[in-house]
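Accompanying notes for the structure given below.
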Amino acid sequence: MTYSAIGIDRISMYTPAYFLDIRQLAVARGVDPDKFTIGIGQDQQAVIPGSQDVVTMGATAALRMLDDIDPDRLGLVILGTESGVDASKAGALYIHDLLGLPHSVRCMEIKEACFGGTAGLMTARDYVAAHPDKQALVIAADVARYGLGSGGEVTQGGGAVAMLVSSNPRILELDDDTCVYSGSIQDFWRPVYTDEALARGKYSTEQYLEFFEHVWLDYAARTGRSASEFAAFLYHLPYTKMGAKGLKRLFEITEVCDEARSLLEERFNKSIQYSRRVGNVYTGSLYLGLISLLELDDTLQADDELVLFSYGSGAVGELFTGRLVEGYRAALYSEEHAAILDNRRQVSVEEYERIFNNVAPYSPQDYVADEKYFCGSFVLEGVEGQERKYKRIG
Ligand code: COA
């Protein structure tokens, strides 16, 4: 089995059409805006209306790559999420239906906090290694909700990243040298009766860095490779300052010359730009960072190698590497993504709070989504008799 030419063939993202200025949120909460923009590292936060969930956002992100999906080759559809819409049925099935995908594919949902998307990507890679002619569609989608006025409110957001995985990919070849570190800890969790997460924020931050240290030192010991050999380090970004702490930790535990260090810092800075505007996409955050780097950086070249660090609370950390493919820029959706981000409407804190409170409830009652906030290509119209009703609008 060889992994050398398996990886991400296409990568597409979606985030809803509304955002909140993080400075306005700070003022409304009586916090110095510099804490949110500098201390946390965010500028804006995606506001997710009731018509949008991991299904609609995931389907909208994947719709763009439909022409590249070969119905005879597609074998797997995986949704990685920690904000799924059902405790039993895989959200991948709703997406499969909305996109009109063939019935001859496996559909499943993977949950492990912000690690679910990576678990999906690794599963897809192994699947294609076993079936080289096949394609797999992996969607990492989440709505990050902590609650109005909560400590985690500044680290909310939402969106989806869809990745098509195949042999001879056009964007990033994934290597087979991943290092994993797993251990049951209680840093972040969400009981099944609520849609708002519980977090021990400071503890989670420490554990993220500990897990990163474990996997990087393991990787360096096993491969003998040094950080300076890589063109960029990409981090899971629950908020961008978290990734900055990860890069800082790398420089503390490994020798990196000044030149390599400034290049890694420069590229890290490119990788956080989309997240600064979208906020937390939980399991999609690492991949939003990858898209941001690839679309905003014009210095990377074919064969440059990237390090990706995935962290899902609970917790699993995985570090893996990939190599850029000749001509990768032509396979990106740079213009479409810029338009998605630039064409969003800013909402006030009051409007954000109204939108936040008008979502399908965690109870059996019916729900009708407000049409005023319909966006993307698919919407949740509502919940009727405890069944979700989706439709295509664009
Ligand atoms: N100007 C600039 N920076 C400021 C500031 C100001 N006026 N006021 C505070 N800061 C800095 C702090 O020094 C701190 O920086 P540091 O982390 O480098 O030390 C940072 O802002 C955050 O301040 P802190 O007081 O630690 O924030 P907090 O108690 O509000 O907690 C989180 C921040 C991220 C822990 C909290 O929002 C949270 O729990 N989020 C959810 C947890 C999460 O995302 N977990 C997933 C991890 S994978």
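Whatever order the structure lists ligands and atoms in, that order sets their numbers, starting from 1. Here the structure is a predicted model, which means the values were calculated and not measured.
- For the residue pair T81 and D142, a side-chain donor N or O sits within less than 3.5 Å of a side-chain acceptor on the partner.
- For an aromatic pair to be called close, the ring centres must be under 6.0 Å apart, and Y94 with Y390 satisfies this.
- Nearest to atom 39 (O) of ligand 1 among the protein's heavy atoms is G201 CA, 3.3 Å.
- When distances from atom 32 (C) of ligand 1 to the protein are checked, no heavy atom turns up under 4.0 Å.
- Every atom of ligand 1 is numbered from 1 in the order shown, and the set under 4.0 Å from a heavy atom of Y311 is 48 (S).
- Scanning the protein for heavy atoms near atom 12 (C) of ligand 1, the closest one is G39 CA, 4.9 Å.
- At a threshold of 4.0 Å, the pair R354-E350 does not count as salt-bridged, since none of the basic side-chain nitrogens sits closer than that to a carboxylate oxygen.
- When hydrogens are left out, the protein atom nearest atom 22 (C) of ligand 1 is I40 CD1, 3.9 Å; that is the closest non-hydrogen contact.
- Y373 and E351 are linked by a side-chain donor-acceptor pair at a separation below 3.5 angstrom, with hydrogens and angles left out of the test.
- None of Q24, R23, R344 except one satisfies the side chain to side chain donor-acceptor pair (under 3.5 Å) rule with Q44; the exception is R344.
- Within the cation-pi definition used here (under 6.0 Å to the ring centroid, within 45° of the axis), R170 does not qualify as a partner of Y328.
- Each of the atoms 15 (O), 16 (P), 18 (O) of ligand 1 lies under 4.0 Å from some heavy atom of K241.
- A distance of 6.0 Å or more separates the ring centres of Y235 and Y311.
- Every atom of ligand 1 with a heavy atom of K202 under 4.0 Å away is listed here by number and element: 26 (O), 29 (O).
- In terms of protein heavy-atom proximity, atom 43 (C) of ligand 1 is closest to Y146 OH, 3.7 Å.
- When only interatomic distances are considered, the shortest N/O to N/O separation between D32 and ligand 1 falls below 3.5 Å.
- Nearest residue to atom 8 (N) of ligand 1 from R200, E153, K35 is K35 (criterion: closest heavy atom).
- In summary, the side chains of R106 and Y127 do not present any donor paired with an acceptor at a separation below 3.5 Å, with no hydrogens or angles considered.
- Checked against a 3.5 angstrom limit, the closest N/O atoms of K245 and ligand 1 fall inside it.
- Not a single heavy atom of M242 sits less than 4.0 Å from an atom of ligand 1.
- With atom 47 (C) of ligand 1 as the reference point, the heavy atom nearest to it among A244, G151, S204, A113 is part of S204.
- Side chains of D177 and T223: no donor on one and acceptor on the other come within 3.5 Å.
- The closest protein non-hydrogen atom to atom 2 (C) of ligand 1 is D34 O, 3.5 Å.
- Checked against the 6.0 Å centroid criterion, the rings of W216 and Y181 do not qualify as a close aromatic pair.
- At a threshold of 4.0 Å, the pair R29-E353 counts as salt-bridged, since one of the basic side-chain nitrogens sits closer than that to a carboxylate oxygen.
- Looking at Y239, F211, F188, Y203 and measuring to atom 34 (C) of ligand 1, the nearest heavy atom belongs to Y239.
- Listed by number with element, the atoms of ligand 1 under 4.0 angstrom from any heavy atom of T155 are 37 (O), 40 (N), 41 (C), 44 (O).
- Under the 4.0 Å distance rule, the nearest protein heavy atom to atom 5 (C) of ligand 1 falls inside the cut-off.
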